2 protein chains.
Amino acid sequence: MAPSIHRQAERLHHVFTELVRAYQFRDREGITCYGLSVSQCYTLDTLADKGPTAMGDLARHLHLEISSMTRVVDSLVAKGWAARVTDDKDRRVCRVRISRKGQTLVSGIRSDLIEEHKHILRELPVDSREVVITAMSHLLFAFNERKQRGCGSGKSGKGRKRKVG
Amino acid sequence: MAPSIHRQAERLHHVFTELVRAYQFRDREGITCYGLSVSQCYTLDTLADKGPTAMGDLARHLHLEISSMTRVVDSLVAKGWAARVTDDKDRRVCRVRISRKGQTLVSGIRSDLIEEHKHILRELPVDSREVVITAMSHLLFAFNERKQRGCGSGKSGKGRKRKVG
DNA sequence: CCATATACTTGTACGCTACAACTATTGTGG
DNA sequence: CCACAATAGTTGTAGCGTACAAGTATATGG
């Protein structure tokens with residue numbers, strides 16, 4: 001018989017929390033040793049995938065404020081990993097383009113990370129690898145579905161509130 | 001036939017990256033609206049699980065420097081969610097204990113997060129829910145295995161290096 | 001041509017974390 | 001018992017990442 005959904009949710013919560021925490025930690029250690037931050041890395045990764053992208057689109061994609069996005073791009077430009085290009089059609093728009101140097105960097109990081117995942121996969125029995133990947137995809141799908149419907153984080157979804165004093 | 005492990009690793013990398021990013025974001029929005037930060041929340045959660053814990057153990061468990069841990073605990077104490085207790089045996093040691101107020105807070109957050117996971121699970125077909133959870137557990141296991149063997153992040157595992165200028 | 005909207009940048013502030021220097025306590029060899 | 005090292009934690013300081021508010025430049029509509 002199927003376990004109760006509540007128990008399942010508890011387990012999912014637990015395992016997912018641990019996994020994300022471990023992963024975040026690995027990211028910080030693993031990526032920063034290339035000389036860039038996690039946000040910078042995601043940004044470069046996005047640029048490598050999508051090509052020149054407007055600041056605003058970039059910000060939306062990375063779940064950042066435009067002002068924060070500006071700073072991240074500043075740092076990428078300062079390091080020579082990206083460049084700003086004013087859009088011809090609409091001169092308010094600032095497209096960000098990855099440089100060759102940035103391209104090289106991000107390729108290196110990517111292949112290292114993929115290598116890392118290969119090692120992780122090898123820890124799993126051959127016939128469950130595909131299951132894990134598929135399961136993760138489903139979870140991501142479910143996650144996004146849930147998010148798109150605008151169901152915040154339950155009862156307390158009243159948005160930002162930093163200080164409680 | 002089985003897909004190549006390289007291709008699988010690429011897929012795992014991709015889906016996992018997205019998932020973690022989405023999750024992180026949800027955390028930030030979801031937890032901070034209770035008036036605490038993600039680190040504060042993890043700390044309280046740990047304290048709720050493990051009971052009074054020495055500062056150093058807490059730091060190790062959360063992958064933080066002791067000095068950072070001190071600040072987090074400072075903030076928890078300031079909010080009345082935890083208290084410092086000097087150890088009787090070794091007066092250098094500072095144990096941190098969650099308060100009743102903190103206990104209540106963390107219980108509330110936990111049940112909200114579990115509720116959230118329940119919703120996510122409901123997006124999945126009934127008979128794949130268990131598969132997903134099990135798969136995640138396996139992945140976490142593999143991840144930890146890999147980490148415990150001290151295999152850093154591949155070739156560039158030379159530790160910290162923040163500034164490249 | 002002016003008012004408003006849009007896209008982005010800059011000013012400012014705050015939280016999180018790390019490293020280094022410091023304090024307090026405990027353990028150890030003589 | 002004392003000097004000295006080791007351990008546990010705190011404080012000083014600094015940098016990154018992010019957000020909000022205000023400012024700048026461009027576009028759009030009346």
Side-chain angles (χ1 to χ4, degrees), chain A residues 21 24-25 27-29 31-44 52-79 82-96 159-165, chain B residues 21 24-25 27-29 31-43 52-79 82-97 159-165:
Chain A
R21 185 132 187 105
Q24 271 178 278
F25 185 62
D27 262 15
R28 233 179 27 217
E29 298 258 300
I31 293 180
T32 57
C33 74
Y34 288 89
L36 39 56
S37 74
V38 176
S39 275
Q40 289 171 342
C41 187
Y42 277 121
T43 306
L44 277 187
T53 310
M55 197 64 72
D57 295 340
L58 214 45
R60 268 182 292 282
H61 188 259
L62 298 174
H63 311 293
L64 289 177
E65 283 296 313
I66 271 202
S67 63
S68 308
M69 201 65 248
T70 292
R71 321 280 186 176
V72 174
V73 171
D74 282 348
S75 64
L76 294 179
V77 171
K79 305 255 190 180
R84 283 182 163 89
V85 185
T86 304
D87 190 294
D88 282 332
K89 314 278 177 182
D90 184 342
R91 299 177 46 75
R92 290 171 303 180
V93 172
C94 166
R95 300 199 163 275
V96 186
R160 180 164 319 285
K161 173 183 167 194
R162 307 290 283 285
K163 297 178 197 168
V164 164
Chain B
R21 184 126 188 110
Q24 273 178 279
F25 185 62
D27 262 16
R28 230 176 34 215
E29 297 259 299
I31 294 180
T32 57
C33 75
Y34 288 89
L36 37 56
S37 74
V38 176
S39 275
Q40 289 171 342
C41 188
Y42 276 121
T43 306
T53 309
M55 196 65 71
D57 295 339
L58 215 44
R60 268 183 294 282
H61 187 259
L62 298 174
H63 311 292
L64 289 177
E65 283 297 312
I66 272 201
S67 62
S68 308
M69 201 66 249
T70 292
R71 320 278 186 178
V72 175
V73 170
D74 282 349
S75 64
L76 295 179
V77 171
K79 304 253 189 181
R84 282 182 162 90
V85 184
T86 304
D87 189 295
D88 281 333
K89 314 276 178 183
D90 185 340
R91 298 175 48 72
R92 288 171 304 182
V93 172
C94 166
R95 298 199 164 277
V96 186
R97 191 162 47 75
R160 182 164 316 287
K161 174 182 168 197
R162 308 288 284 284
K163 296 178 198 168
V164 164

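Predicted model, so just to flag it, every value in this text is computed and none were measured.
Every residue two or more places apart in sequence or in another chain was checked for a salt bridge (Lys or Arg N to Asp or Glu O under 4.0 Å) with A:Arg91, and none qualifies. Applying the side-chain hydrogen bond (donor to acceptor under 3.5 Å, both in side chains) criterion to B:Ser75, with sequence neighbours excluded, gives B:Gln40. Residues satisfying the side-chain contact (heavy atoms from CB on, under 4.5 Å) test with B:Thr53, not counting sequence neighbours, are B:Leu47, B:Lys50, B:Asp57, B:Leu58.
When the C1' atom of C:dA5 is taken as reference, atom CD1 of A:Ile66 falls 14 Å away, rounded to whole Å. Residue A:Leu62 contributes atom CG, which lies 14 Å from atom P of C:dC8 at whole-angstrom precision. As rounded to whole Å, 13 Å separates atom C1' of D:dT7 from atom CG of B:Asp57. In this structure, CG of B:Asp74 is placed 16 Å from C1' of C:dA18, rounded to the nearest angstrom. When the P atom of C:dC8 is taken as reference, atom CG of A:Leu58 falls 10 Å away, rounded to whole Å. A straight line from CD of B:Glu65 to P of D:dT10 spans 14 Å, rounded to a whole angstrom. Distance, B:His63 NE2 to C:dC16 P: 18 Å, rounded to whole Å. One atom, CG of B:Leu64, and another, C1' of C:dC19, lie 14 Å apart when rounded to the nearest Å.
Sequence order on DNA chain D of the closest nucleotides to A:Val72 and B:Met69 puts B:Met69 first from the 5' end. Nearer to the 5' terminus of DNA chain D, by closest-nucleotide assignment, is the contact made by B:Arg84 (compared with the other of A:Ser37 and B:Arg84).
With hydrogens and angles ignored, no donor-acceptor pair closer than 3.5 Å exists between the side chain of B:Arg71 and the base of D:dG9. A donor N or O paired with an acceptor N or O is not found under 3.5 Å between the base of D:dC16 and the side-chain atoms of A:Ser39. A:Ser67 contributes no side-chain N or O that forms a donor-acceptor pair with the base of C:dC8 under 3.5 Å.
Nearest heavy atoms, B:Lys79 versus B:Gly35: NZ-O, 3.6 Å. Annotation for B:Leu36 and B:Cys41: closest pair CD1-CB, 4.0 Å, computed over non-hydrogen atoms.
Residue contacts shown for A:Thr70 include a base, since a base heavy atom lies under 4.0 Å away. Contact annotation for B:Arg95: no contact, since no heavy-atom pair falls under 4.0 Å across all strands.
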Margin query: Across nucleotides 23-30 of chain D, 5' to 3', mark each nucleotide with B, S or - according to how protein heavy atoms within less than 4.0 Å reach it.
Written below: --BBS---

Distance-only donor-acceptor hits, side chain of residues 65-74 of chain B, under 3.5 Å, sequence neighbours excluded:
residue	atom	partner	partner atom	Å
B:Thr70	OG1	B:Ile66	O	3.2
B:Asp74	OD1	B:Arg84	NH1	3.0
B:Asp74	OD1	B:Arg84	NH2	2.8

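Between A:Asp87 and A:Lys89 there is no salt bridge, since no side-chain N of the basic residue sits under 4.0 Å from a carboxylate O of the acidic one.
Residue A:Ser68 has no polar side-chain atom (N or O) positioned under 4.0 Å from OP1 or OP2 of D:dG17.
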